[in-house]
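These notes concern the structure reproduced below.
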Amino acid sequence: MSRTRSRAVVLDQACVAAVDLARAAVEENVRPGDVGDHLGVEGEGDRVVTHYFACLDRAYRGWRWAVTVARASRARNVTVSEVVLLPGAGALMPPQWVPWSERLLPGDLGVGDLLPTSDDDDRLAPGFTETDDDSDHQMIFEYGLGRARVLSPIGRDRAVRRWHSGESGPHTPLAHAAPAQCSTCGFYWPLAGALRTGFGVCANEYAPDDGRVVAADHGCGAHSEAAVLPHQVEPTSPILDDLSYDTAENGAEPDLAGSVDDTASEPLGHS
């Protein structure tokens, strides 16, 4: 196997000497004083050379003017092919372009806004791929009455990682200070399907996550068993025994021994 050898580019001396021509080409399109010193040349091919000049414009610090000149075969005159502004070492560059679909953040979608999904979105799968133990459920999809696309395993795993590592997961100060996990709370409503064991919905109107998906190992201070109030016993009216009672005159002490017959102490047969 033979190696491919790249032939070194031989600089054309006529193109290398065309510094003034290259500078004049730049000065025709920019303000006076924006073209700095000549920085050097670079061979692009046979009889093709690029001249570099410093850019003195304060808005383009670190950039440089690049003027490509060429000469036809057996011709004496050198002509200008193109003039461009290229970034150099330490040039101020714009941030890397990111598609709009990747710049969206939660809460950016407003009233009336539409968020389309591509046909090859890996978070979704065709509806017929969803399996269920219920045979009637599959029959609905065969007749075309079900959803066109459902959540794919990739989309499900992304949601699990996002929910578990977010504000409704176990790694938040609110969850660390909670007396117990959401899985043991009476207001925790588990999700259906494959996510039932790991996630649910909070149904406590006083909890900060009311109506939101929370991890089973999340928690907050509104746990149903955090502090159970003691049972309140209502006071009752005093019980009055009206079957037997003693009467006493005003200012007289009741005769506690009145119920005992004094004659009972006398012997029998005494007259």
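In this chain, numbering begins with 1 at the start of the sequence shown. Side chains included, hydrogens not; waters and symmetry mates left out as well; all remaining heavy atoms used.
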Problem - Any Arg212 side-chain heavy atom under 4.5 Å of Cys202 side chain - result: no

Completion exercise
Residues passing the salt bridge (charged side-chain N to carboxylate O under 4.0 Å, His left out) test with Asp121, sequence neighbours excluded, are Arg123

Handout entry: Minimum heavy-atom distance Ala70-Ser81, with the two atoms named
Key = CB-OG, 3.8 Å

Practice task
Check whether more than 12 heavy atoms from other residues, nucleotides or ligands sit under 6.0 Å from atom CG of Asn77, and answer yes or no.
Solution key: no

Exercise for the section: Evaluate the ring planes of His51 and His38, with Trp represented by its six-membered ring, and classify them as parallel (under 30°), tilted (30 to 60°) or perpendicular (over 60°). Expected result: tilted

Handout entry: Val201 side chain reached by Val214 side chain, heavy atoms, under 4.5 Å
Key = no

Exercise for the section: For the residue pair Leu124 and Val150, establish whether any side-chain heavy-atom pair is separated by less than 4.5 Å. Expected result: no

Handout entry: ILVMFWY network linking Leu56 to Val26, side-chain heavy atoms under 4.5 angstrom
Key = no

Exercise for the section: Please round to the nearest 0.5 Å and tell me the distance separating atom CG of Asp209 and atom CG of Leu174. Expected result: 6.5 Å

Completion exercise
For Val30 and Val35 the tightest heavy-atom approach is CG2-CG2, 3.8 Å

Handout entry: His223 vs Thr184 side-chain heavy atoms within contact, under 4.5 Å
Key = yes

Per-pair distances, 0.1 Å, donor-acceptor, side chain in residues 9-18, under 3.5 Å, sequence neighbours excluded:
| from | atom 1 | to | atom 2 | distance (Å) |
| --- | --- | --- | --- | --- |
| Asp12 | OD1 | Arg71 | NE | 3.4 |
| Asp12 | OD1 | Arg71 | NH2 | 2.6 |
| Asp12 | OD2 | Ala14 | N | 3.3 |
| Asp12 | OD2 | Cys15 | N | 3.0 |
| Asp12 | OD2 | Arg71 | NE | 3.2 |

Practice task
Please name the pair of heavy atoms, one in Gly221 and one in Pro179, separated by the smallest distance, quoted to 0.1 Å.
Solution key: CA-CD, 4.2 Å

Handout entry: From Ser118 atom OG to Asp120 atom CG, the distance as rounded to the nearest 0.5 Å
Key = 4.0 Å

Handout entry: Centroid-centroid distance, His171 to His164, less than 6.0 Å
Key = yes

Practice task
Kindly indicate, with the supporting measurements, whether the criterion side chain to side chain contact (heavy atoms under 4.5 Å, CB included) is fulfilled by Val78 and Leu21.
Solution key: CA-CA 8 Å; Val78 178; Leu21 176 65; 4.2 Å; yes

Handout entry: Arg103, CZ atom: more than 12 neighbouring heavy atoms under 6.0 Å
Key = yes

Completion exercise
What one should report as the nearest heavy-atom pair of Ala207 and Cys220 is CB-SG, 4.1 Å

Problem - Salt-bridge criterion met for Arg31 and Asp34 (N-O under 4.0 Å) - result: yes

Fill in the blank from the handout: Residue pairs meeting ring pair (Phe, Tyr, Trp, His ring centres under 6.0 Å), one or both in residues 56-104, sequence neighbours left out, come to Tyr60-Trp63

Handout entry: Apart from Val84 itself, residues in the same hydrophobic cluster as defined by side-chain heavy atoms under 4.5 Å
Key = Leu39, Tyr52, Leu86

Completion exercise
So CG of Asn29 and CG of Leu85: to nearest 0.5 Å the spacing works out to 11.5 Å

Handout entry: Pairwise salt bridge (Lys or Arg N to Asp or Glu O under 4.0 Å) hits with a residue in residues 150-174, at least two apart
Key = Asp122-Arg158

Problem - Sidechain-backbone polar pair: Arg23 side chain, Asp37 backbone, donor-acceptor under 3.5 Å - result: no

Handout entry: Residues Ser183 and His218: side-chain donor-acceptor under 3.5 angstrom
Key = no

Problem - For the student: nearest non-hydrogen atoms of Val67 and Ala25, plus distance - result: CG1-CB, 4.3 Å

Practice task
Give a yes or no on whether Val213 and Leu195 share a hydrophobic cluster (residues Ile, Leu, Val, Met, Phe, Trp, Tyr; joining criterion: side-chain heavy atoms under 4.5 Å apart).
Solution key: yes

Fill in the blank from the handout: Taken to the nearest 0.5 Å, the spacing of Phe187 CZ from Ser224 OG works out to 6.0 Å

Exercise for the section: Say whether Val41 and Val80 are linked into one hydrophobic cluster, either directly or through other cluster members, by side-chain heavy-atom distances under 4.5 angstrom. Expected result: yes

Completion exercise
Sequence neighbours excluded, the answer for side chain to side chain donor-acceptor pair (under 3.5 Å) partners of Glu44 is Thr50

Exercise for the section: Please name the pair of heavy atoms, one in Arg47 and one in Ala72, separated by the smallest distance, quoted to 0.1 Å. Expected result: NE-C, 3.8 Å

